[in-house]
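First comes the structure, then the notes that go with it.
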Amino acid sequence: MSEAILTHNGREYRLPVATGSEGEQGIDITALRKQSGAITLDPGYVNTGACKSAITFLDGEKGILRYRGYPIEELAERSTFLEVAYLLIYGELPTAVELDAWTDSIRHHSMVHEKMRRFYDALPKEAHPMAVCSAALGALSTFYQDSLDPRDPQQVMVSIHRLLAKMPTIAAYSYKTSIGQPRLYPKNHLDYASGYLRMMFGTPCEEYEVDPVVAKALDTLWILHADHEQNCSTSTVRLVGSSLANLFVSVSAGICALWGPLHGGANQKVIEMLQRIADGGDTGKQFLERVKRQEEGVRLMGFGHRVYKNFDPRAKIIKKACFNVLEQLHVQSRLLDVAVELEEQALADDYFVERKLYPNVDFYSGIIYQAIGIPVNMFTVMFAIGRLPGWIAQWVELQGDPNFKIGRPRQIYTGATERHYVGVEERG
Ligand code: ACO
């Protein structure tokens, strides 16, 4: 086994190096503090591997993304979201019999507890659907108390099926509540995406016909979002799960992390940015100048990635899908024109080239969502539905990890040294 040598305060420490199946190397500092008294400091965990994982491989320099070894391009082209969910969670593609049983079970657990339906009435109409979904998943743990033990494989299995099956229902109800329409019961004969679309856009007054082009587009987008190794929301799910909290609340925390505009919330911000440009607020050029001046709060949303420094393979697929879907639905999008122009200008600009900033998964996804009628405040919820299998797979892997430990980073304290309490009357 190779090792790294660290010299600190005149002493030498030999640190083992772990090598992954794709040759990635990690200097193992597990014993460092015990041996040296020092910790490592890595704000934003830019260089820190928090676990070994066999789920998703990505190479940010080469633009590679694989789930359980399968290239994302092949899965997006040939698989379905529920099959990919099975692959991520169980590690192998299902046989035809396994896939049938899996799909059937997910379809038949889509209804939520009747009291849970009424839970939505207590929340303000204007609530952001991400907040509502997070609250609803937390609430699931109060309704399904028979499946909360992270160390009982049978209970975990039940909660996985419940979570995946009920997530589209929960998401659609958050939207229906916000527009004051009745919440529909799920229809189990529909596929995952179609069932969701019907609950989103149908009403009890008439049958809703799902457009197969729209359902297919959504299914593909969900495949592309299904996992992305140790990103902010997945690390949150793992951290919460590491306290042995149940799967429902761990995923609820992941939804909160995903909501932020630097993570999944970027898809909503992208469309708002494109809309402002389309409305004539700034021209694309003027907007990019503001980005480059690094004005407070102004970034080219949907660009840049912590890991991808060449291109984001998901963005490539989504851009192509975007043109296809718009063509098939005969939709003209001014925002697509603005996005293409903005991308071209940015990719030809030294500021973005030098910093290796490329379109990420969020740059074009919002345009597809818009074309298929998803309201802007539901964009990040679409991401959450897609990311659910990844969160589950990573949580399950954590629970079975032979090196399982509660997640608990350390710090370098920079505050006041010891001082003594002074009564309020004596303070100057
Ligand atoms: N627009 C303008 N400048 C940017 C952008 C951007 N989108 N992203 C990074 N930069 C600049 C930074 O200002 C910094 O410049 P400097 O060196 O002159 O200070 C440099 O590029 C490095 O940026 P960091 O913020 O240090 O990179 P980091 O890896 O921490 O951030 C992130 C990655 C958060 C995704 C960032 O690129 C960003 O804010 N992008 C916009 C939001 C976005 O699209 N998020 C979705 C990411 S994908 C996902 O989560 C699903």
Side-chain angles (χ1 to χ4, degrees), residues 42-48 56 58-61 63 65 67 72 130 221-237 254-277 282 284-319 335 339 342-369 376 379-391 394:
D42 185 19
Y45 311 122
V46 179
N47 307 287
T48 296
T56 289
L58 68 89
D59 181 328
E61 303 302 327
L65 173 61
Y67 299 158
I72 190 67
M130 283 297 273
L221 280 168
W222 284 339
I223 291 175
L224 296 172
H225 286 87
D227 193 44
H228 213 234
E229 51 118 300
Q230 309 310 318
N231 56 82
C232 177
S233 55
T234 302
S235 299
T236 302
V237 171
I255 290 193
C256 296
L258 185 72
W259 188 9
L262 295 188
H263 191 13
N267 59 14
Q268 176 171 343
K269 294 291 169 200
V270 169
I271 219 80
E272 290 167 0
M273 170 187 81
L274 297 176
Q275 193 65 60
R276 267 196 308 277
I277 295 172
D282 275 326
K285 244 194 165 85
Q286 283 166 337
F287 178 74
L288 289 183
E289 287 309 317
R290 292 179 57 209
V291 169
K292 285 157 54 180
R293 282 198 299 274
Q294 302 198 338
E295 282 182 25
E296 182 67 27
V298 183
R299 278 199 164 191
L300 180 53
M301 299 309 285
F303 255 64
H305 198 276
R306 170 60 61 78
V307 183
Y308 294 121
K309 300 297 176 196
N310 189 343
F311 68 94
D312 179 338
R314 302 166 302 173
K316 260 192 171 174
I317 302 171
I318 289 183
K319 184 176 178 184
L335 296 195
L342 208 54
E343 181 192 359
E344 273 173 14
Q345 286 170 352
L347 293 182
D349 191 306
D350 285 348
Y351 175 96
F352 297 92
V353 174
E354 279 161 15
R355 289 171 178 77
K356 301 190 172 188
L357 301 172
Y358 295 87
N360 60 45
V361 68
D362 291 322
F363 196 68
Y364 285 100
S365 61
I367 298 170
I368 306 187
Y369 291 140
V376 175
F379 286 7
T380 317
V381 175
M382 296 301 95
F383 194 152
I385 298 177
R387 185 53 53 87
L388 187 57
W391 287 332
Q394 301 272 351

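Numbering of ligands and ligand atoms starts at 1, following listing order. Values below: all heavy atoms of this structure, side chains included; hydrogens, waters and symmetry mates excluded. Remember, predicted model here, so these are calculated numbers, not experimental data.
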Evaluate side chain to side chain contact (heavy atoms under 4.5 Å, CB included) for Ile255 paired with Trp391, printing each intermediate quantity in order. CA-CA 10 Å; Ile255 290 193; Trp391 287 332; 3.8 Å; yes
When you measure from the side chain of Tyr67 to the backbone of Ala226, do you find a donor-acceptor pair of N or O atoms at a distance under 3.5 Å?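 At least one qualifying donor-acceptor pair exists.
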Please answer whether the main-chain N or O of Val361 pairs with a side-chain N or O of Asp312 as donor and acceptor at a distance below 3.5 Å.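 It does hold such a pair.
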Which heavy atom in [X] sits nearest to a heavy atom in [Y], and how many Å separate them?
| X | Y | answer |
| --- | --- | --- |
| Pro261 | Met301 | O-CE, 3.3 Å |
| Ile223 | Ile72 | O-CD1, 3.9 Å |
| Tyr351 | Asp349 | N-OD1, 2.9 Å |

Measure from [atom] to the protein's non-hydrogen atoms and state whether any distance is below 4.0 Å.
| atom | value |
| --- | --- |
| atom 22 (C) of ligand 1 | no |
| atom 27 (O) of ligand 1 | no |
| atom 40 (N) of ligand 1 | yes |

Considering both backbone and side-chain atoms of [X], is one of its nitrogen or oxygen atoms within less than 3.5 Å of a nitrogen or oxygen in ligand 1?
| X | answer |
| --- | --- |
| Leu262 | yes |
| Leu300 | yes |
| Gly302 | yes |
| Arg355 | yes |
| Phe352 | no |

Number the atoms of ligand 1 from 1 as they appear, then name those within less than 4.0 Å of a heavy atom of [X], with their elements.
| X | answer |
| --- | --- |
| Ala266 | 43 (C), 44 (O), 45 (N), 46 (C) |
| Leu357 | 3 (N), 4 (C), 5 (C), 8 (N), 9 (C), 10 (N) |
| Val361 | 51 (C) |
| Arg306 | 28 (P), 29 (O), 30 (O), 33 (C) |

Do Tyr45 and Gln230 pair up side chain to side chain, a donor and an acceptor below 3.5 Å, judged on atom types alone?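 Gln230 and Tyr45 do not have a side-chain donor-acceptor pair below 3.5 Å.
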Side chains of Ser365 and Asn267: do they bring a donor and an acceptor to under 3.5 Å?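 Absent: no donor and acceptor within the cut-off.
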Evaluate the ring planes of Phe303 and Phe363, with Trp represented by its six-membered ring, and classify them as parallel (under 30°), tilted (30 to 60°) or perpendicular (over 60°).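 If you compare the ring of Phe303 with that of Phe363, the planes turn out perpendicular.
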Ring geometry between Tyr369 and Phe379 (parallel below 30°, tilted from 30 to 60°, perpendicular above 60°):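 Geometry flag for Tyr369 against Phe379: tilted rings.
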Which residue owns the protein heavy atom closest to [atom], what's the atom, and how far is it?
| atom | value |
| --- | --- |
| atom 2 (C) of ligand 1 | Val291 CG1, 3.3 Å |
| atom 42 (C) of ligand 1 | Met301 CE, 3.6 Å |
| atom 19 (O) of ligand 1 | Gln294 NE2, 3.9 Å |
| atom 47 (C) of ligand 1 | Asn360 ND2, 3.5 Å |
| atom 48 (S) of ligand 1 | His305 CD2, 3.6 Å |
| atom 35 (C) of ligand 1 | Gly304 O, 3.7 Å |

Run the contact test for Phe383 against ligand 1 with a 4.0 Å cut-off on heavy atoms, strictly below, and give the result.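 Yes; Phe383 lies near enough to ligand 1 that a heavy-atom distance drops under 4.0 Å.
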Among Phe303, Tyr351, Phe363, which residue places a heavy atom closest to atom 3 (N) of ligand 1?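 Considering heavy atoms of Phe303, Tyr351, Phe363, the nearest to atom 3 (N) of ligand 1 sits in Tyr351.
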Compare Arg299, Arg290, His263 and give the one whose heavy atom is closest to atom 31 (O) of ligand 1.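 Residue with the shortest heavy-atom distance to the ligand atom: Arg299.
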Residue portion contacting ligand 1 (non-hydrogen atoms closer than 4.0 Å) for Val46: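 It is neither part, as no heavy atom is under 4.0 Å.
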Which bit of His228 gets closer than 4.0 Å to ligand 1, counting heavy atoms only: side chain, backbone, both or neither?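 No part of His228 is near ligand 1 at this cut-off.
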